[in-house]
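Just so we're clear, the structure is a prediction, and the values are computed from it rather than from any experiment. Only this structure's heavy atoms are used, side chains among them; waters, hydrogens and symmetry mates stay out.
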Amino acid sequence: MKILCVHSFAVHGTASMKAMMSILGTRILPVPSLYLSGLTNIPGFVKTDTAFEELFYSSLDIAKRRNERLILYVGYLGNAQQSEIILQGLKEYEDIIENVLIDPVSGDHGKLYVPQEVLDAWPRLLEKADWAFPNYTELCLLTGKPEHELDSSQEALNCFQERFSNLSFIATSLPAENQIKLGLMHEEEMMLFQHKRLDAHYGGTGDVFAAFFLFFAFLRKMPHGKAMEKAAMETLRIIEQSQAAQSPDLLIFPEV
């Protein structure tokens, strides 16, 4: 089983495609949606477009000719038009795509950080997906519910589930004092999980979590709740080792 991964790729920093490839290795078939010289919180970074349509369709075509079964994982979109390309690819190659996982990268900490047209493109992709990994801000953005209008994270989970009723998802960064809180919704069942919050801030933790969940749930075939817990604790371990090494970036593996 291979993972066709659509995501941005940054030279400096550990996030997006680099995080996915570090954890999932040669299982990843990388299709960058955007090149960056560094993560967007690194001064001096620049963005460069990719030949996305050609890369995406050629990758699917090669996988089909090699009789490879795929998981399609979609993260950061370089522009809204890429969503239409992906939707068409899903239609043309549905016979080799077994699961569709979406991280609808849109915002965090209550703020939208992608163009509005990219946010507007996510719902059609989410309607075709099996799993999604929104953070709390994205739960609110994608359901049109401002955070200040919600009574609780439970209401946000319910609104998202109602909006995308056929979608299983794990919501991250749910409000919780001194804790990291996640919520899993699958087959009308909900599971919450919390672990300690560290005094460290790293870009890419969501990508690390998603990669570990994909590995444990889809490649190791763990129960989804157990896979969520395992992925969360592995992400915490990586944050701790990065903090201990005083690294400015996440260290997926300790440096030698």
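Here the shortest heavy-atom pairing between G38 and F45 reads O-CB, 3.5 Å. When all heavy atoms of M222 and A227 are compared, the closest pair comes out as CB-CB, 4.2 Å. The two atoms that bring S8 and S33 nearest to each other are N-OG, 3.4 Å, heavy atoms only. Taking both residues in full, the closest heavy atoms of Q194 and A176 are given as OE1-CB, 3.5 Å, listed atom of the first, atom of the second, then distance.
With rounding to the nearest 0.5 angstrom, the NZ atom of K181 is 11.5 Å from the CZ atom of R197. Considering CZ of F9 and OG of S37, their distance stands at 12.0 Å, rounded to 0.5 Å. Considering CG of L125 and CG of L77, their distance stands at 6.5 Å, rounded to 0.5 Å. Atom CD1 of I71 is separated from atom CG of L4 by 11.0 Å, given to the nearest 0.5 angstrom. A distance of 9.0 Å separates CG of L34 from OG of S16, quoted to the nearest 0.5 Å. One finds the CD atom of Q161 at 3.5 Å from the CE atom of M185 (value rounded to the nearest 0.5 Å).
V46 shares a hydrophobic cluster with no other residue; no ILVMFWY side chain has heavy atoms under 4.5 Å from its own. Through direct or indirect side-chain contacts shorter than 4.5 Å among Ile, Leu, Val, Met, Phe, Trp and Tyr, L39 is connected to I42.
Side-chain atoms of N135 never come within 3.5 Å of backbone atoms of T172 as a donor-acceptor pair (strictly under, hydrogens ignored). In terms of modelled atom types and a separation under 3.5 Å, the side chain of T143 and the main chain of C159 share no donor-acceptor contact.
Among residue pairs with one or both ends in residues 163-207, those qualifying as ring-ring contact (aromatic ring centres under 6.0 Å, His included) are W131-H186, F160-F164, F160-F169, H186-H224; sequence neighbours excluded. Pairs passing the side chain to side chain donor-acceptor pair (under 3.5 Å) check and including a residue from residues 96-115, sequence neighbours excluded, read R69-E98, S106-W122. Applying the salt bridge (Lys or Arg N to Asp or Glu O under 4.0 Å) test to every pair with at least one member in residues 218-234, sequence neighbours left out, gives these pairs: E234-R237. Residue pairs that meet the side chain to side chain donor-acceptor pair (under 3.5 Å) test with at least one member in residues 70-86, sequence neighbours left out, are E84-R124. Counting only residues at least two apart or on different chains, the ring-ring contact (aromatic ring centres under 6.0 Å, His included) pairs with a member in residues 46-66 are F52-F56. Evaluation of the salt bridge (Lys or Arg N to Asp or Glu O under 4.0 Å) test over residues 42-63, restricted to residues two or more places apart or in two chains, returns D61-R65.
Counting heavy atoms from C-beta on, the side chains of R163 and L126 never come closer than 4.5 Å. The side-chain heavy atoms of F209 and I180, taken from C-beta on, include no pair separated by under 4.5 Å. Put simply, the side chain of L141 does not reach to within 4.5 Å of the side chain of V114, judged on heavy atoms. Counting only heavy atoms from C-beta outward, the side chains of L60 and L70 approach each other to under 4.5 Å. With a 4.5 Å cut-off on side-chain heavy atoms, I239 and L250 count as touching. With contacts defined as side-chain heavy-atom distances shorter than 4.5 Å, the pair P123/L142 qualifies. Counting heavy atoms from C-beta on, the side chains of L251 and T14 never come closer than 4.5 Å. Put simply, the side chain of L174 reaches to within 4.5 Å of the side chain of L139, judged on heavy atoms.
Take P248 and apply the side-chain contact (heavy atoms from CB on, under 4.5 Å) test, not counting sequence neighbours, and it matches no residue. By the side-chain contact (heavy atoms from CB on, under 4.5 Å) test, A244 is found to be paired with no residue, residues two or more places apart in sequence or in another chain being considered.
No side-chain donor-acceptor contact under 3.5 Å links E162 and N158.
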Throw together a table of side-chain donor-acceptor distances under 3.5 angstrom for residues 86-93, partners on residues two or more places apart or in other chains.
{"residue": "Q88", "atom": "NE2", "partner": "E92", "partner atom": "OE2", "Å": "2.9"}

Under 3.5 Å, side-chain donor or acceptor atoms of residues 19-30 against the rest of the protein: list the pairs with distances, not counting sequence neighbours.
{"residue": "S22", "atom": "OG", "partner": "K18", "partner atom": "O", "Å": "2.7"}

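By the 6.0 Å contact criterion, CG on N166 is open, its count of non-hydrogen atoms from other residues, nucleotides or ligands being 12 or less.
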